[in-house]
Number of protein chains: 2
Amino acid sequence: MSAINQIVSTSISSSTSTFLGHNNLKNIKPSSVAIPGKINGVVKCVASPSAEKTAYKTKVSRNENLAKLQAGYLFPEIARRRAAHMLKYPDAQVISLGIGDTTEPIPEVITSAMSKRSYALSTVDGYSGYGAEQGEKALFVYLSSQQLRAAIASTYYADLGIEEDDIFVSDGAKSDISRLQVLFGSNVTMAVQDPSYPAYVDSSVILGQTGQFQKDVEKYGNIEYMRCTPENGFFPDLSTVRRTDIIFFCSPNNPTGYAASREQLTRLVQFAKENGSIIVYDSAYAMYVSDDSPRSIFEIPGAKEVALEVSSFSKYAGFTGVRLGWTAIPKDLLYSDGFPLAKDFNRIVCTCFNGASNIAQAGGLACVSAEGIKAMHEVVGFYKENTAIIVDTFESLGFKVYGGKNAPYVWVHFPGRSSWDVFSEILEKTHVVTTPGSGFGPGGEGFVRVSAFGHGENVLEACRRFKQLYK
Amino acid sequence: MSAINQIVSTSISSSTSTFLGHNNLKNIKPSSVAIPGKINGVVKCVASPSAEKTAYKTKVSRNENLAKLQAGYLFPEIARRRAAHMLKYPDAQVISLGIGDTTEPIPEVITSAMSKRSYALSTVDGYSGYGAEQGEKALFVYLSSQQLRAAIASTYYADLGIEEDDIFVSDGAKSDISRLQVLFGSNVTMAVQDPSYPAYVDSSVILGQTGQFQKDVEKYGNIEYMRCTPENGFFPDLSTVRRTDIIFFCSPNNPTGYAASREQLTRLVQFAKENGSIIVYDSAYAMYVSDDSPRSIFEIPGAKEVALEVSSFSKYAGFTGVRLGWTAIPKDLLYSDGFPLAKDFNRIVCTCFNGASNIAQAGGLACVSAEGIKAMHEVVGFYKENTAIIVDTFESLGFKVYGGKNAPYVWVHFPGRSSWDVFSEILEKTHVVTTPGSGFGPGGEGFVRVSAFGHGENVLEACRRFKQLYK
């Protein structure tokens, strides 16, 4: 590895560059960001052929599914480019509206619960070891006798028929998405919104559910990409969608920022029921909904027979680093042989996971207390103010802007332009990190996602720079 | 589900009984523990056929690999039986020396670091969101400027050539074992010590690496079971072991408590090298070694070309509930095509995981401070005292006892008897929960594992009861 890449790898917080090989970049169009160590378009950080010849190799074949992946996972790649930019412009004030990382402090009602729980672990009465894999049964006695699974069920699914034992507490939605893929195995077919959060597709590739990447259409074989565009109101035309076993559906959507309406979700549930498909519904941004769009798929009648729901405290309480989420799986969700999906997921959770950190779970219980819910709404409200500022800025510059109303993401249209080019242009000229829409799938080409997660003054400053660049 | 099972499911801390179907028990021999709700050997907690007939079913096939699993994951099953026993004897003082759960408070030097970190998350300067998936780069500034990956490398692998960027911080060894299985995929073959920690085999079954369970030999097809018995000093006779891609090897061993010698591990590394195999070395009990047995596989020359190592703070600092561990993957470990395994694991970690909780990582950094290491050795020393008491007790009763010297587990031989029968006898007559050896594989039949994780007075009381029962 070259010395300069070593510097990059130790200078950024979310990096794959330690293992940055040539194939990490091969599907990314040449950008205007100069990457140190890059000579004539070739990144020099792989072992030289002579060194490889002498190295001992095992006889274990590389997992061919990993080899199908075209680039590094999107967000570490963004972080790597930001780091390269900071090396090039060491004095620039770089503002990150890219990877969707929360920036505001966690409300004290929540951190004090975690702090108390931490201290209690040093006492005989307050100590606890292994919790239940599905979520601790009885949390820190001094705080509350309530159980987190029950509290999540009553907070987010009151009157929706989701019960305590339908809730599986996790270390975050991303981890549970992969555990769900392990549950489904390699023989299922899957559909995603296009564009969509890249963990759905990448985990599907890793589990062997897909074919090779088809460069001409920029899609993996055997995945059904459900195009979501301004023309169809960011809801797929289901009459053209092929039947699949699994349908990943995120609403409010990352990256487009659109929340599906009750009528649209009713059609989605109907579509799944007709096809016997299972919807994996990602509701990680539900608390950002400000109109009457459903907050949960289980608001739709019949959804409990065809859907499960993944969610997270990350974007409500600033828990991106603390790590806490959940998956709700109704007892009515059955495989074709009548076997309950929840029962197998329970086995996965017991075998492949040992529960979320007990300290994070104490924080989760504080999140869903009356005071915690109020505090989370304040956090969400703050980011929604940022969103409005970003929307206003781009609209004032004459751009078509989508999303933002029910989600912390603004989806800005740059018709006819390459997303990576726009990303690079913005980074180079304003020192603001965004996310190229095509990183979320071919349907994102021509768009850039601007995240509202940032300190207020940084968002204002970024918007000033956008106005300078695109005036 | 019957009402009584509902009670069981809500009264225990580590339970699968919410989903306890008939197949959860079908491979467990009839025990003398009466389970409430069990009538004529049939557990009545599955939906009745008439209810199933009317239920909507999706058209998604159940993952056939999940269907191969014979019983619930071992430790929730033990917890379920304990709960059933407590229902039967509500006044009994049940002592758990079963699932290996830590009981002693976490040293204050560690919890105070986690508590401070929790509070800091409410401040503008102390807040952090997404960390690097591989482990946070710069932890809580007020505590230390050291980086956890570097601190783990220098603490556990000084002079062994394992570097900061070879360390992947995790939420525990169990989670990383499954992520490693996802890395390897379904086309590899694997070997395990027999008996062994059940997560290796179960995760292999789930990923589709195995054939069906063969009831006559109590083994899954396509797994190489390396028998470890008193006769071979609990180290497999490698001349009879078939070549596999992956070799899971745990030392000091769970459940036998044996630590492999330097000479034995040298033979293991040689065996892997000749076969081109990859050793997944589980060193979660390394700090319990009290003789000159290696603490890490990387102490063996050449191991970096054929081995990776999984480890954990769970049994050192009482982190079973806090959740923190790591996996060390040397850069020299290559697939047959020369591709570095670490690079693909990095992709798995970035796609399927979002890093361990930042609060737990602050605790981890305190663990590997000078004061923390001293405190962890005290915790380990306490459990080792328990171990000595248990060993003495069974030896005084005339039993052949193994392990205990380098591990917190005592492996007691009951020749000619069924492990589950002995487990049930001990539970029924002494109210002490142990773990039946056959739960770790067919090679564990005739043994019972007694864990040294317990309060001192409870271990003494359990030993008094053992003496009463087996005098």
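Side chains included, hydrogens not; waters and symmetry mates left out as well; all remaining heavy atoms used. Model, not experiment: these values are computed from the prediction.
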Options A:Asn354, A:Val322, A:Ile206, A:Ile359, ranked by heavy-atom pairs under 4.5 Å with chain B, top entry: A:Asn354
B:Lys59 bridged to A:Asp245 by N-O distance under 4.0 Å: no
Basic-acidic side-chain contact under 4.0 Å: A:Glu133, B:Lys174: yes
Residue part contacting chain A, namely of B:Arg179, when any heavy atom lies under 4.5 Å: neither
Options B:Gly100, B:Ser115, B:Ser118, B:Ser178, ranked by heavy-atom pairs under 4.5 Å with chain A, top entry: B:Ser115
Which portion of B:Leu74 sits near chain A, non-hydrogen atoms under 4.5 angstrom: neither
A:Ile247 side chain reached by A:Ile278 side chain, heavy atoms, under 4.5 Å: no
NZ/NE/NH1/NH2 to OD/OE distance under 4.0 Å, A:Arg347 and B:Asp202: yes
Region of B:Thr351 in contact with chain A, defined by heavy-atom distances below 4.5 Å: both
Toward chain A, the part of B:Glu104 with a non-hydrogen atom under 4.5 Å: backbone
A:Arg117/A:Glu136 salt bridge by N-O under 4.0 Å criterion: yes
Between CZ on residue A:Phe453 and CG on residue A:Asp101, distance to nearest 0.5 Å: 8.5 Å
Winner by heavy-atom pair count (cut-off under 4.5 Å) against chain A, out of B:Asn187, B:Leu324, B:Thr103, B:Val124: B:Thr103
Heavy-atom contact with chain A under 4.5 Å, split by part of B:Asp171: side chain
Part of B:Asp176 within contact of chain A (heavy atom distance under 4.5 Å): neither
Among B:Thr111, B:Asp332, B:Thr244, B:Thr58, residue most engaged with chain A (heavy-atom pairs, under 4.5 Å): B:Thr58
Part of B:Glu163 within contact of chain A (heavy atom distance under 4.5 Å): neither
Option in B:Lys273, B:Glu64, B:His455, B:Glu108 with maximal non-hydrogen atom pairs under 4.5 Å from chain A: B:Lys273
Toward chain A, the part of B:Phe184 with a non-hydrogen atom under 4.5 Å: backbone
Check: A:Ser357/B:Ser357 side-chain N/O donor and acceptor closer than 3.5 Å: no
Side chain, backbone, both or neither of B:Tyr335 within contact of chain A (heavy atoms, under 4.5 Å): both
Structural part of B:Lys304 lying under 4.5 Å from a heavy atom of chain A: neither
A:Arg62 side chain reached by B:Ser336 side chain, heavy atoms, under 4.5 Å: no
Residue B:Ile177 versus chain A: region with a heavy atom under 4.5 Å: neither
Region of A:Leu207 that comes under 4.5 Å of a non-hydrogen atom in chain B: side chain
Largest heavy-atom contact set with chain A, pairs under 4.5 Å, which of B:Ala360, B:Gly318, B:Gly172, B:Ala356: B:Gly318
Heavy-atom contact with chain B under 4.5 Å, split by part of A:Asn275: backbone
Minimum side-chain heavy-atom gap B:Tyr56-A:Val306 below 4.5 Å: yes
Contact check, side chains of B:Tyr130 and A:Arg323, non-hydrogen atoms, under 4.5 Å: yes
Leading residue by heavy atom contact count with chain A [cutoff under 4.5 Å; candidates B:Gly355, B:Pro198, B:Ser61, B:Ser186]: B:Ser61
A:Thr102 and A:Thr320: side chain donor to acceptor below 3.5 Å: yes
Winner by heavy-atom pair count (cut-off under 4.5 Å) against chain B, out of A:Gly363, A:Ser112, A:Gly208: A:Ser112
A:Ser175/A:Ser170 under side chain to side chain donor-acceptor pair (under 3.5 Å): CA gap, chis, key distance, verdict: CA-CA 8 Å; A:Ser175 299; A:Ser170 75; over 6 Å; no
B:Arg149 to B:Phe168, cation-pi by 6.0 Å centre distance and 45° axis angle: yes
For chain B, the option from A:Ile110, A:Asn63, A:Val60 that forms the most heavy-atom pairs under 4.5 Å: A:Val60
Between A:Cys352, A:Gly302, A:Gly185, the one whose heavy-atom pairs under 4.5 Å with chain B are most numerous: A:Cys352
Student check: side-chain heavy atoms of A:Leu341 and A:Leu334 closer than 4.5 Å: no
